[in-house]
Asker: 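After the structure tokens below, expect a handful of questions from me.
Here is how names work: the chains are called A, B, and so on, in the same order as the sequence lines, proteins then strands, and each is numbered from 1.
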There are 2 protein chains.
Amino acid sequence: MARERKFTKKKLYETTKNTLLQHNYNGFTISKVADELNVSRGNIYKYFDNKEELITEYMLYEMEKFLVELKDINKYRGFHAQFDFLLDVILEDNETHQVRGMVFHVPAINRQVKNNLERLKELHQDMYKYLQDFVNLGRQEGILRDSIPDGLILGFIFQTVDIPNHFNIPEEKWKTSIKEIIRHGMFT
Amino acid sequence: MARERKFTKKKLYETTKNTLLQHNYNGFTISKVADELNVSRGNIYKYFDNKEELITEYMLYEMEKFLVELKDINKYRGFHAQFDFLLDVILEDNETHQVRGMVFHVPAINRQVKNNLERLKELHQDMYKYLQDFVNLGRQEGILRDSIPDGLILGFIFQTVDIPNHFNIPEEKWKTSIKEIIRHGMFT
DNA sequence: TACCAAAGTGACACAGGTGTCAATCATATC
DNA sequence: GATATGATTGACACCTGTGTCACTTTGGTA
């Protein structure tokens with residue numbers, strides 16, 4: 001029918017993610033993405049009207065992927081098993097969670113972007129429902145400290161997985177240490 | 001002698017800090033700072049040749065202030081007392097620590113900025129000396145878990161104080177919960 | 001092999017930020 | 001009141017990124 005595309009949607013999203021991680025929302029430009037893909041800027045505008053649409057659509061893609069994974073948390077019985085699963089999932093692609101925080105920087109410049117942002121908000125609420133069930137289970141089983149408010153429990157988990165591994169501690173050691181520190185802190 | 005200034009250096013630094021927090025390094029512009037101060041852009045260039053100089057000099061100002069506070073850690077005897085002091089200091093102006101992370105985005109565009117960045121690196125190392133002594137003390141006193149590597153201990157503390165308080169938990173409750181969770185985790 | 005639809009390009013006008021500088025303004029001091 | 005000095009401003013030229021669009025390229029199909 002027509003010419004072959006120089007990049008797939010997946011490759012484009014991957015580049016979007018890397019560019020966001022490297023330069024943050026404000027340093028993100030279509031030019032950088034185009035350069036990275038060895039493609040002209042105009043080409044990208046064939047698929048996305050502006051960078052806000054590209055970014056929000058990439059975010060929807062990531063968020064939907066994450067929710068599919070997260071749903072499996074209910075396959076696990078007991079809080080301890082769910083905790084282990086959740087941490088594995090989050091640690092696996094913690095980069096995604098860094099990107100998620102940038103949502104607040106995206107201005108709703110038009111109807112399309114506005115819709116995407118609203119849909120993202122919905123997905124975010126879905127995510128919180130699963131996580132809240134998880135926290136409730138922990139409370140029921142008497143595993144989570146009563147003195148720590150719900151808002152801090154989840155904030156704590158998401159913040160902890162983003163600790164930069166500056167000293168390049170090996171991945172397995174890193175993961176088990178992170179879990180241990182979340183469970184029992186750093187004091188003996 | 002001459003006309004009165006429309007803003008003090010302190011006020012300028014304060015605005016710089018707020019603008020950085022709100023827009024990140026890449027969204028930071030001299031225009032925004034000037035607007036905030038109700039002053040013309042050109043006026044700010046009388047005191048700083050470019051935004052990199054403004055930002056790095058502001059960072060030096062904050063870092064020096066922080067180090068003066070941090071030095072007092074040695075007035076406290078025993079790891080528990082030092083831990084309590086350190087967390088109070090960091091939680092007090094945790095915004096400053098968010099800004100510190102932006103150092104890596106500042107390009108060394110000229111000699112002056114390069115010097116500032118080098119000086120910042122030195123101060124950062126000074127800071128780490130104090131913190132490493134603190135960690136060593138915790139190890140000596142057998143309070144810190146052996147299984148958790150040094151690199152994670154400090155990363156953990158700095159990351160934890162940046163947890164966003166989305167649910168507006170009252171400050172005192174927040175602080176004590178943060179300390180508790182760092183000390184003993186969220187499991188019973 | 002000629003066609004044509006989708007993929008891709010580069011040039012254009014525009015928007016906003018940068019850094020400079022001559023001109024203007026405010027005020028302490030004489 | 002005149003004056004000198006430092007503060008402040010706004011206009012200028014430049015740069016980078018944006019979004020658009022007419023045009024070119026590619027390759028499957030009639």
Side-chain angles (χ1 to χ4, degrees), chain A residues 1-16 18-58 102 105-116, chain B residues 1-16 18-58 102 105-116:
Chain A
M1 210 52 161
R3 192 173 173 175
E4 196 186 2
R5 289 198 185 180
K6 290 182 77 179
F7 58 92
T8 62
K9 188 153 276 198
K10 202 177 165 193
K11 186 80 189 137
L12 173 59
Y13 284 161
E14 200 184 308
T15 308
T16 301
N18 292 335
T19 309
L20 277 173
L21 285 171
Q22 219 176 332
H23 303 281
N24 274 326
Y25 177 75
N26 282 299
F28 182 97
T29 64
I30 297 283
S31 307
K32 280 174 187 143
V33 172
D35 280 358
E36 194 62 38
L37 291 168
N38 291 310
V39 140
S40 73
R41 222 162 38 79
N43 193 359
I44 291 180
Y45 282 98
K46 277 272 152 61
Y47 307 98
F48 294 90
D49 285 351
N50 48 61
K51 74 170 183 168
E52 285 75 18
E53 278 181 35
L54 170 56
I55 290 174
T56 53
E57 257 155 70
Y58 154 69
M102 300 180 194
H105 286 291
V106 185
I109 56 161
N110 64 29
R111 167 93 5 244
Q112 177 64 30
V113 173
K114 205 170 175 180
N115 283 345
N116 288 348
Chain B
M1 210 52 161
R3 196 170 170 177
E4 197 185 2
R5 288 196 185 180
K6 288 182 80 179
F7 59 91
T8 61
K9 186 154 275 197
K10 201 176 166 193
K11 186 80 189 137
L12 173 59
Y13 284 159
E14 200 183 309
T15 308
T16 301
N18 292 335
T19 308
L20 279 173
L21 285 170
Q22 217 175 335
H23 303 281
N24 274 326
Y25 177 75
N26 283 300
F28 181 98
T29 64
I30 297 282
S31 306
K32 281 173 187 143
V33 173
D35 281 359
E36 194 62 38
L37 291 169
N38 292 310
V39 140
S40 74
R41 222 163 37 78
N43 194 357
I44 292 179
Y45 281 97
K46 275 278 149 57
Y47 305 100
F48 293 91
D49 284 352
N50 49 59
K51 76 170 181 166
E52 285 76 17
E53 279 182 36
L54 170 57
I55 290 173
T56 52
E57 258 157 67
Y58 153 69
M102 300 180 194
H105 286 292
V106 184
I109 56 162
N110 64 28
R111 168 99 354 249
Q112 177 64 32
V113 173
K114 206 170 174 182
N115 283 345
N116 289 348

Asker: Measure the spacing between CG of A/N38 and CZ of A/F7 and express it to the nearest 0.5 Å.
Answerer: 11.5 Å
Asker: Could you tell me how far apart B/R5 (CZ) and C/dT27 (P) are, to the nearest whole angstrom?
Answerer: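 Nearest whole value for this atom pair: 15 Å.
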Asker: Side-chain contact test, heavy atoms from C-beta onward, threshold under 4.5 Å: evaluate it for A/K6 versus A/K11 and give yes or no.
Answerer: no
Asker: Measure the CG-CD1 distance between A/D35 and A/I30 for me, rounded to the nearest 0.5 Å.
Answerer: 11.5 Å
Asker: Could you check how far CZ of A/F48 sits from P of C/dA7, rounded to whole Å?
Answerer: 13 Å
Asker: What is the distance from CG of B/L12 to P of D/dA7, rounded to the nearest Å?
Answerer: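 These atoms are roughly 14 Å apart.
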Asker: D/dG19 C1' sits how many Å from A/L54 CG, rounded?
Answerer: 14 Å
Asker: Check whether any side-chain heavy atom of B/N24 sits under 4.5 Å from a side-chain heavy atom of B/M102, and report yes or no.
Answerer: yes
Asker: Can you tell me if the side-chain N/O atoms of A/S31 get under 4.0 Å from OP1 or OP2 in D/dT16?
Answerer: no
Asker: It should be established whether B/Y47 places a side-chain nitrogen or oxygen under 4.0 Å from OP1 or OP2 of nucleotide D/dA7.
Answerer: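 Yes, B/Y47 has a side-chain N/O under 4.0 Å of OP1/OP2 on D/dA7.
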Asker: For a quick test of your reading: what N or O donor-acceptor pairs under 3.5 Å do the side chains of residues 39-51 of chain A make, sequence neighbours left out?
Answerer:
| residue | atom | partner | partner atom | Å |
| --- | --- | --- | --- | --- |
| A/S40 | OG | A/N43 | N | 3.4 |
| A/Y47 | OH | A/R5 | NE | 3.4 |
| A/N50 | OD1 | A/E52 | N | 3.3 |
| A/N50 | OD1 | A/E53 | N | 3.0 |
| A/K51 | NZ | A/F28 | O | 2.9 |

Asker: Run the numbers on A/Q22 and B/H105 for side-chain contact (heavy atoms from CB on, under 4.5 Å), then give the verdict.
Answerer: CA-CA 9 Å; A/Q22 219 176 332; B/H105 286 292; over 6 Å; no
Asker: Rounding to an integer number of Å, can you tell me how far A/Y45 OH sits from D/dA22 P?
Answerer: 18 Å
Asker: Let me know the distance between CD1 of A/I30 and P of C/dG8, rounded to the nearest Å.
Answerer: 15 Å
Asker: Where each residue is assigned the nucleotide of DNA chain C containing its nearest heavy atom, which of B/E4 and B/K51 is assigned the position nearer the 5′ end?
Answerer: B/K51
Asker: Once you round it to whole Å, what is the distance between P of D/dT18 and CD1 of A/I109?
Answerer: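 Taking atom P of D/dT18 as the reference, CD1 of A/I109 is at 11 Å.
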Asker: May I ask you to verify if any side-chain N or O of A/T29 is less than 4.0 angstrom from the OP1 or OP2 atom of D/dT16?
Answerer: no
Asker: Over how many whole Å does the gap from A/L37 atom CG to C/dA7 atom P extend?
Answerer: 15 Å
Asker: Would you tabulate the nitrogen or oxygen pairs shorter than 3.5 Å linking the protein to nucleotides 9-11 of chain D?
Answerer:
| residue | atom | partner | partner atom | Å |
| --- | --- | --- | --- | --- |
| D/dT9 | OP1 | B/K6 | NZ | 2.8 |
| D/dT9 | OP2 | B/S40 | N | 2.7 |
| D/dT9 | OP2 | B/S40 | OG | 3.2 |

Asker: If you count heavy atoms of other groups shown closer than 6.0 angstrom to CD of B/E36, is the number above 12?
Answerer: no
